[in-house]
Structures are given as C-alpha cells and as structure tokens.
Engineer: 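Following this message is one structure expressed as structure tokens.
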Number of protein chains: 2
Amino acid sequence: MTTASTPTWPGSFGAEPRRKRRALSRELIVETALKIVDTEGLDALNMRRVAQELGTGAASLYAHVANKDELLALLLDRVYGDLDHPAPDAERWREQAKDFLRQQRDNLVSHGDLARAAMIQNIPTSPGALDAAETMLALLRAGGLPEQVCAYAVDVISLYVVATALEESSRQGPGGVPDEGQVEAYIGGVRSFFASLPPERYPMIVAMAGALTRNVGDERFEFGLDLLFDGLTAQAGRTFD
Amino acid sequence: MTTASTPTWPGSFGAEPRRKRRALSRELIVETALKIVDTEGLDALNMRRVAQELGTGAASLYAHVANKDELLALLLDRVYGDLDHPAPDAERWREQAKDFLRQQRDNLVSHGDLARAAMIQNIPTSPGALDAAETMLALLRAGGLPEQVCAYAVDVISLYVVATALEESSRQGPGGVPDEGQVEAYIGGVRSFFASLPPERYPMIVAMAGALTRNVGDERFEFGLDLLFDGLTAQAGRTFD
DNA sequence: TAGTTGACACGAACGGCGTTCGCTAGTAGA
DNA sequence: TCTACTAGCGAACGCCGTTCGTGTCAACTA
C-alpha cells in the first residue's frame, strides 16, 4: 500500500531558494542556544529547536557539539566567562568576594533558568567555572583563612549562589523580563498557601507565613551571604587533622 | 497491505496464566518507584519501568497518579515522612537541629540520587517537607533567634542539606551499595584533574588540589553545618526594616 | 442465581525527545 | 575540468510521558 503524500518537486520553485550553506560553528550554536534559554527557558532548549533557529536540521549540530550535555556545559562556560575577576586585596577581600558572588548570581539570573543546568553539573571542570573558583579561593586566602577552610567554604558558597539563582529564576517565569506583578503574584500565592495550613499541625509556618515569603529586593540573598561570611570568621582558627 | 505478525492465540496455553488483577494503589506505586530509584537511580525511573515491575502497563498508573511529577513529589514526601522529629529544647536546640539535618541528609543519600528531584522542587508543599520545615523553625525559634532570621535561615539550611546529599549521591554510583573503592577512585580522579591544571592560570586550585578533594567521612558536611550555625549566632541580634 | 453496571485496568498509539546513519552537495586542490 | 574530501542534512530509531477507547472483573440488584 502506497500512502498518498503531498506532491513535491525536487527542484526549486523560487520560494525557499535552498539556503546558502551557513558557516555553522560551536560559537554560533552556543550563542543561539543561549538566546533560546534567555527568551523561552531551559525546557524549551532542544537540539531541533536550536537547529531550526539556524535554518538547518538537528543532525548538523552534532558535527560541532558532542551531545546536549556538552552543549549545556558550553552554555554554562560561556556565562561564567562573562565575569569580572577582582585582584585580591587583603584589606577588603570580604566585600570583593561578596561583589564577585553578586555578579555570579546576576549573571545566572539574567539567563533564565540556566542555573538549573549548573545545579545538576556537580563539579566545575570548565575553564570559566574554574576561573571563578580560582578567584574565590584567592580571595578567601587573602583573608588569611586556613587552606582547608577555604577549600570547604568555596564549595558551600558557590552552591549557595547557584541555588539562590535557581530559586530566583523559578520565581520569574521562563520569559525574558521579570515582570514585577507576576513575581509578586507568585510570592503572594505561596504566602496564602502557608497561611491556610492547619495551625495545629504547622503553628510555626502559619505564624511566620509573612516572614517566610518576604522578598524585599535582594535582602534574602544578602542575608545568606552575611550568614556564610560571618560563619567563616568564626571558623578562621579551625585546624584539621 | 497486511503486515505478517507473529502468530498468537487469544486463549492461554498455560504459560502466563493471565495475571490476577492486582490491587494497584498509590502506595504500591510509590513503593515500587522508590525501589527502582534505590537500586538503579533516578534516571532509570520511568512510568513504563514502574508498570513493568507491577506486571501491568504504564497507562494503569495514571488512574492513581496524575503524572510523573506528582509521582516524584510523592516519592519525596514518602522519604521526608521517615524523619524523627525532636521536641525543641532551648538548652540544646543547636545539637538537636544538627542531628535533625544529619538525619535528613542520611535519608536522602540512602535513596540514590533522589536528592536531584528534591533540588528541582523549589518550594516544599508536601506534608512531609512541611513537617520538616516546621520542626526546623521550632528549633531555631527555641534558640531565641529573630523571626525573620529563622525564616531566611531555614531556607539556606535545607538548601545546603539537599545540595550536599546530591553531591554525595553523585559520588556514589547509581547502584545500591556505596562501594568504598569506587568513591575513592572518583575523588582521586578529580584530584589528579585539579593537580594537572596549568599552574600559571590556576595557582590556587593546583596548590590546593588535596584540600579541595579531601573527603574524610562527614567532615565536609559537618564543616558546612558549623559554618551555617556559627553564622547564625552572629546574626542573632539582626533586625529588619 | 442471573443480569447489570460502573470503576478499574490496559494495549496501542501519539507526539516529542536525543541521537545516528548514510546520502548529498558544495569546495578545494590537481 | 575532474576528483576527493568534508560538512550538511533528511529520515529514521528507540525511548520517553501521556491519552484514548476498549475490555474486564466484581459487587450490587432483582
């Protein structure tokens, strides 16, 4: 049985004049993928979608990128490459470090929910992520902290940055602009959910519904930074083994 | 065109005596899914696999579970339901809190890389997760910390627990038993990678390769706990607005 | 006991995904 | 101008989550 198909003609009728061969490249693919993540979110990113944006088929991408995981890694590296690295100054290493972390967070948040990809990636091995780790280590060491404290701390701290970036981006929709009212509506929904819980089982959550969903600018993020760096001073004299 | 198919007989030849109708239920599905995650990891969990384990088809599951996301949420709730909740004691709230967090971490790690599902789930709304949050809030309040400090801190802290559980589970393979040598091989691989980096670009990382990959028992996790709780005491007097 | 009915179970299929295979066509060198 | 090579690409494979329409069992009614 031959199925009837829409008639086609191998030649060209002038419409769609067989796209001139594009100079496909890693950079172009990464840039295109990043644009999709920025505007439509990480879930909208797939190989076909990237290829379509470039006017080609998904298969063509595999000549430049091993697989989707590698593409995600390249995306993250591209974003981590956008950082300004401070030269450690022992006098103000703490503010330098905090600024550097704020920068990382802003960078991530400005690219939709790309932070989700960073969260899965357990250990940073890309040049950009390694650069960031190197700078953080240098800053902590400039603060005179013991080697092992720095080693452990750099993990905890970057974890915090990525996780809060993820939380922030999930507050905002997948789309581009944050949309103030939309964020407020989301927060408000969570607040009224907490407030509506049975008070006999969740007395604390109900009573603290307001405090739990408070979202004034970057106060929440800054609190975590203070917490971590205050804890760090307390650990300054710690020795291991 | 009729395609030739392998001959079948609608009746039974005695083999495969048409499985007795199973009493499918939410609990049974969740339990089965959990077993799969435990033994084969989160990636191996899919609706067909669960159904197969229950001797049925994937479609049957959807009568009891809305979709895969709900199944994951139920899985997490099931795991968070296994916690022992301490009654807050103002004299030793700190150790109580730390013990409670250690318990959460052990619980997560004992179920493969289920923590990855917890990481994606941004805000806890399931009974089990809410119970855990309630207990943590009660413990922090028992410590006399300001309301807003507790509210922010409970977020940061549970984030830390889930994230380190994820890190730990990714060290161990997807399989059940941790396998000591396997973990050591993984860590060793990361260490030699760090050590092999160009020292002129990554002087800190190369010099600290040992410290960065040190993995002595739960020392790493405990360090983070100390860091957070020390920071918390430093924030004890903080006011907002 | 025989008939009816409604809830549960399920095979098959749909659309979308990452990835691969093998043909095609454009380009650079002889 | 011819040839060899390489990048590009359509089509297909296998897997996924999910849905649809049908089948089937068990309890209730008469």
Side-chain angles (χ1 to χ4, degrees), chain A residues 2-3 5-12 16-30 32-33 36-37 40-75 116-117 120-121 174, chain B residues 2-3 5-12 16-30 32-33 36-37 40-75 116-117 120-121 174:
Chain A
T2 59
T3 60
S5 59
T6 55
T8 57
W9 181 251
S12 165
E16 297 271 342
R18 190 145 197 78
R19 174 179 289 278
K20 196 75 185 158
R21 179 176 289 227
R22 296 283 296 262
L24 229 42
S25 74
R26 251 170 122 92
E27 289 74 29
L28 189 55
I29 290 171
V30 169
T32 306
I36 293 173
V37 173
E40 304 173 47
L42 197 62
D43 284 333
L45 181 71
N46 62 61
M47 303 305 271
R48 281 176 233 268
R49 184 76 185 72
V50 174
Q52 173 193 321
E53 204 75 14
L54 289 166
T56 179
S60 305
L61 305 180
Y62 286 84
H64 301 92
V65 163
N67 50 37
K68 193 185 177 181
D69 279 349
E70 184 178 296
L71 177 57
L72 284 176
L74 290 171
L75 237 48
R116 226 173 57 209
I120 303 303
Q121 186 124 342
Chain B
T2 59
T3 59
S5 59
T6 55
T8 56
W9 182 250
S12 167
E16 296 274 338
R18 187 148 198 77
R19 174 181 290 277
K20 197 77 183 153
R21 180 176 286 227
R22 296 284 296 264
L24 228 43
S25 73
R26 252 170 121 91
E27 289 72 31
L28 188 54
I29 291 172
V30 169
T32 307
I36 294 173
V37 173
E40 304 173 47
L42 197 61
D43 284 333
L45 181 71
N46 62 62
M47 303 305 272
R48 281 175 232 268
R49 185 76 184 72
V50 175
Q52 173 193 320
E53 204 76 13
L54 290 166
T56 180
S60 306
L61 307 179
Y62 286 85
H64 305 272
V65 164
N67 50 39
K68 193 184 178 184
D69 280 349
E70 185 178 296
L71 178 56
L72 286 176
L74 290 171
L75 237 49
R116 225 174 56 206
I120 303 302
Q121 187 125 340

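So you know, we letter chains A, B, ... as the sequences are listed, proteins then strands, and number each from 1. Given the structure is predicted, the values throughout are model-derived calculations rather than measurements.
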Engineer: Counting the atoms with a prime plus P, OP1 and OP2 as sugar-phosphate, which does B:Ala58 contact under 4.0 Å by heavy atoms, base, sugar-phosphate, or nothing?
Structural biologist: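 Contact class for B:Ala58: base.
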Engineer: What are the two closest non-hydrogen atoms of A:Leu74 and A:Arg26, and how far apart are they?
Structural biologist: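 Closest approach of A:Leu74 to A:Arg26, heavy atoms only: CD2-NH2, 3.5 Å.
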Engineer: Measure CG/B:Leu61 against P/D:dC20 and give the value in whole Å, please.
Structural biologist: 17 Å
Engineer: Is B:Ser60 near enough to C:dA9 that one of its side-chain N or O atoms lies under 4.0 angstrom from OP1 or OP2?
Structural biologist: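 Answer no for this pair, as no side-chain N or O of B:Ser60 is under 4.0 Å from OP1 or OP2.
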Engineer: Distance check needed: D:dC16 P versus B:Asn46 CG, whole Å only.
Structural biologist: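 So the two atoms are 4 Å apart, to the nearest Å.
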Engineer: Donor-acceptor pair, distance only, cut-off 3.5 Å: does the side chain of A:His64 make one with the backbone of A:Leu24?
Structural biologist: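 Present.
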Engineer: Tell me which nucleotide among D:dA12, C:dA9, D:dC16 gets nearest to the side chain of A:Arg48.
Structural biologist: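 It is D:dA12.
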Engineer: Quick check for you: among C:dG18, D:dT18, D:dC9, whose closest atom lies nearest to any side-chain atom of B:Tyr62?
Structural biologist: D:dT18
Engineer: Counting only side-chain N and O atoms of B:His64, is one of them less than 4.0 Å from OP1 or OP2 of C:dA9?
Structural biologist: yes
Engineer: With the side chain of A:Leu24 defined as its heavy atoms from C-beta on, choose the nearest nucleotide among C:dG18, D:dG8, C:dT20.
Structural biologist: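 Nearest nucleotide to the side chain: D:dG8.
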Engineer: So does A:Asp43 pair up with A:Arg116, basic N to acidic O under 4.0 Å?
Structural biologist: yes
Engineer: I need the minimum non-hydrogen distance between A:Asn67 and A:Val65, along with the two atoms involved.
Structural biologist: O-CG1, 3.1 Å
Engineer: Taking atom P of D:dC9 as reference, at what distance in whole Å does atom CD of A:Glu53 sit?
Structural biologist: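 Those two atoms, CD and P, are 15 Å apart.
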Engineer: Starting at CE of B:Met47 and ending at P of C:dG16, how long is that distance when rounded to a whole Å?
Structural biologist: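 Whole-Å distance recorded here is 20 Å.
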Engineer: Provide, to the nearest angstrom, the distance between the CG atom belonging to A:Leu71 and the P atom belonging to C:dT19.
Structural biologist: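 Interatomic distance, CG of A:Leu71 to P of C:dT19: 10 Å.
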Engineer: Using atom CD of A:Gln52 as one end and atom P of C:dC17 as the other, report the distance to the nearest whole Å.
Structural biologist: 10 Å
Engineer: Output the rounded distance in Å from CD (B:Glu70) to P (D:dG17).
Structural biologist: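 Answer to the nearest Å: 15 Å.
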Engineer: Report yes if at least one side-chain N or O of A:Asn67 is closer than 4.0 Å to OP1 or OP2 of C:dG18; otherwise report no.
Structural biologist: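 So the side chain of A:Asn67 is outside the cut-off, no N or O lying under 4.0 Å from OP1 or OP2 of C:dG18.
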Engineer: Answer yes or no: is there a donor N or O on one side and an acceptor on the other, between the side chain of A:Ser60 and the main chain of A:Thr56, under 3.5 Å?
Structural biologist: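 A pair under 3.5 Å: no.
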Engineer: Rounded to the nearest Å, what distance is computed from the NZ atom of residue A:Lys68 to the C1' atom of nucleotide C:dG16?
Structural biologist: 11 Å
Engineer: Does D:dC9 have its OP1 or OP2 closer than 4.0 Å to a side-chain nitrogen or oxygen of A:Thr56?
Structural biologist: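 Result: yes.
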